[in-house]
**Student:** 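Structure provided below as structure tokens; questions to follow.
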Amino acid sequence: MRHAADSRWTLPYNRICPVTQPEYIAAFLSIIAGLGVTDLAQSLCGLVHPRRTVNWHWLPLVWAATTFLLAIQVRWNSFSTLTDTTAEYFLPYLLTFSFLYLTCAFALPDPDGEPRAIRSDPSRPGTEDGGAQGRPSVLASTPEPPVQDLRAFYFSATHRQWYFGIFAAFLIAAQVGLQTANLPTGDGVDEFEVLINGLFAALVGVLILTDRWWVHAPISVFSVLLVGWTTVNSILGLV
């Protein structure tokens, strides 16, 4: 019978694998990106809830897909960069991932953001004038399912300003952080990548200024195809 103090039966408490500062940074920023994707998924689940009435429109769904693909691409491409980063790059990366989270959060309407309508039943006493004591009858009030109009939500000035404004800010912040991180390695600034992302941010910025359907439709289709292709190419290395 082995002795309890036998080293082969004890846990290797003396074997410590310290986590480096870049690994802490990478884990923290990964949590932010994961929360953004989770928020996007929760918003979509709220729309397809059986007790929720939705007037569907394809444009916000296209941008939700674009945002999801962009989040996957950013997390995939930033893995090697984050694990080698240092403390001076923490704030630029934190700003970029914070913008990414907000882009995911603003892509679709909040499932808990719409109030329920109360309908009065005139056949019951006290449902129109609030009863004898001026209070609405709780039993006579019938809650109606909330109606979410995705077209009205998408083309609203508030949504366009916040969603596309944050989206453009994310693209700019991501490029500033990425190009700055490449300078110490001697790679220099990738002018082509800066140009492409700058043009993309400008196109997104145009959508803030107008609610014309014929402007949003081609830019939306182009954006989801561009982000979809670059995401697949980044992961699979096709080119």
Side-chain angles (χ1 to χ4, degrees), residues 29 32-41 43-44 47 56-78 81 91-110 113 149-182 189-235:
L29 297 180
I32 297 178
L35 289 175
V37 174
T38 301
D39 190 285
L40 187 63
S43 297
L44 181 60
L47 290 175
W56 294 93
H57 195 270
W58 64 276
L59 278 175
L61 299 180
V62 166
W63 279 105
T66 303
T67 304
F68 173 77
L69 292 170
L70 191 63
I72 299 301
Q73 178 185 158
V74 168
R75 184 62 193 95
W76 180 271
N77 291 339
S78 63
T81 306
L91 290 181
Y93 284 135
L94 177 61
L95 182 64
T96 300
F97 277 79
S98 297
F99 280 141
L100 176 62
Y101 170 80
L102 292 175
T103 304
C104 294
F106 291 147
L108 293 173
D110 187 354
D149 189 344
L150 286 187
R151 180 185 177 88
F153 163 79
Y154 176 82
F155 286 106
S156 65
T158 301
H159 170 72
R160 288 186 287 109
Q161 291 169 1
W162 280 102
Y163 175 70
F164 293 116
I166 293 295
F167 199 115
F170 161 74
L171 294 174
I172 296 173
Q175 276 305 300
V176 171
L178 179 62
Q179 301 304 328
T180 303
N182 289 336
V189 176
D190 190 338
E191 297 180 356
F192 178 75
E193 186 173 356
V194 172
L195 177 62
I196 293 298
N197 284 273
L199 292 176
F200 190 18
L203 284 177
V204 172
V206 170
L207 302 182
I208 303 175
L209 306 176
T210 180
D211 59 355
R212 300 290 184 179
W213 180 89
W214 55 270
V215 176
H216 282 256
I219 294 179
S220 301
V221 173
F222 170 77
S223 299
V224 70
L225 293 178
L226 174 64
V227 175
W229 163 249
T230 54
T231 301
V232 173
N233 182 55
S234 299
I235 296 176

**Student:** Below 3.5 Å, can you tabulate the donor-acceptor pairs from side chains in residues 217-224 to any protein atom, sequence neighbours excluded?
**Tutor:**
from   : atom 1 : to     : atom 2 : distance (Å)
Ser220 : OG     : Trp63  : NE1    : 2.7
Ser220 : OG     : His216 : O      : 2.6
Ser223 : OG     : Ile219 : O      : 2.7

**Student:** What do you reckon, is CH2 of Trp58 surrounded by more than 12 foreign heavy atoms closer than 6.0 Å?
**Tutor:** yes
**Student:** So, do Asp39 and Ser43 sit near enough that their side-chain heavy atoms are less than 4.5 Å apart?
**Tutor:** yes
**Student:** As an exercise, state the distance from CZ of Arg160 to CG of Asp211, rounded to the nearest 0.5 Å.
**Tutor:** 5.0 Å
**Student:** Taking side-chain contact (heavy atoms from CB on, under 4.5 Å) as the test, write out the residues that go with Ile196, two or more places apart.
**Tutor:** Phe192
**Student:** Quick check against the 3.5 Å criterion: does Thr210 have a side-chain atom that pairs as donor or acceptor with the backbone of Leu207?
**Tutor:** no
**Student:** With sequence neighbours excluded, what pairs up with Trp56 under the ring-ring contact (aromatic ring centres under 6.0 Å, His included) test?
**Tutor:** none
**Student:** Can you list the residues that meet the side-chain contact (heavy atoms from CB on, under 4.5 Å) rule with Leu199, with sequence neighbours excluded?
**Tutor:** Leu195
**Student:** Grab the two heavy atoms, one from Asn77 and one from Ser234, that are nearest each other, plus how far apart they are.
**Tutor:** OD1-CB, 3.3 Å
**Student:** Go through Gln161 and Phe106 one step at a time and tell me if the side chain to side chain contact (heavy atoms under 4.5 Å, CB included) criterion holds.
**Tutor:** CA-CA 10 Å; Gln161 291 169 1; Phe106 291 147; over 6 Å; no
**Student:** Using side-chain contact (heavy atoms from CB on, under 4.5 Å) as the criterion, list what pairs up with Pro60, not counting sequence neighbours.
**Tutor:** His57, Leu108, Leu150, Tyr154
**Student:** Does Ile72 have any side-chain contact (heavy atoms from CB on, under 4.5 Å) partners at least two apart in sequence or in another chain, and if so, which?
**Tutor:** Phe68, Thr231, Ile235
**Student:** If the condition is ring-ring contact (aromatic ring centres under 6.0 Å, His included), which residues does Phe99 pass it with, not counting sequence neighbours?
**Tutor:** none
**Student:** Between atom CG of Leu226 and atom CG of Leu69, what is the distance when rounded to the nearest 0.5 Å?
**Tutor:** 11.0 Å
**Student:** Enumerate the side-chain hydrogen bond (donor to acceptor under 3.5 Å, both in side chains) contacts for residues 163-176, please, sequence neighbours excluded, ordered by first and then second residue.
**Tutor:** Thr67-Tyr163, Gln175-Gln179, Gln175-Glu193
**Student:** Within this structure, what is the CG-CZ distance for the pair Asp110 and Phe153, rounded to the nearest 0.5 Å?
**Tutor:** 9.5 Å
**Student:** Suppose we screen for ring-ring contact (aromatic ring centres under 6.0 Å, His included). Which residues come up paired with Tyr101, at least two apart in sequence or across chains?
**Tutor:** none
**Student:** If I take atom CG from residue Leu100 and atom CZ from residue Phe167, how far apart are they, to the nearest 0.5 angstrom?
**Tutor:** 9.5 Å
**Student:** Nearest 0.5 Å please: distance from the OG atom of Ser98 over to the CD1 atom of Ile166.
**Tutor:** 10.0 Å
**Student:** Taking all non-hydrogen atoms of both residues into account, name the closest pair between Cys104 and Ala71 and its distance.
**Tutor:** SG-CB, 4.5 Å
**Student:** According to side chain to side chain donor-acceptor pair (under 3.5 Å), who are the partners of Thr230, at least two apart in sequence or on a separate chain?
**Tutor:** Gln73
**Student:** Please report the shortest heavy-atom distance between Leu70 and Val227, naming the atom on each side.
**Tutor:** N-CG1, 3.6 Å
**Student:** Flag the pair Leu102 / Phe170 as yes when at least one side-chain heavy-atom distance between them is below 4.5 Å, and no otherwise.
**Tutor:** no
**Student:** Would you say the side chain of Pro109 lies within less than 4.5 Å of the side chain of Leu47, judging by non-hydrogen atoms?
**Tutor:** yes
**Student:** Work out which heavy atom in Ile172 is nearest to a heavy atom in Ala201; give both atom names and the distance.
**Tutor:** CG1-CB, 4.4 Å
**Student:** May I ask you to test the Leu29-Ile32 pair for a side-chain heavy-atom distance under 4.5 Å?
**Tutor:** yes
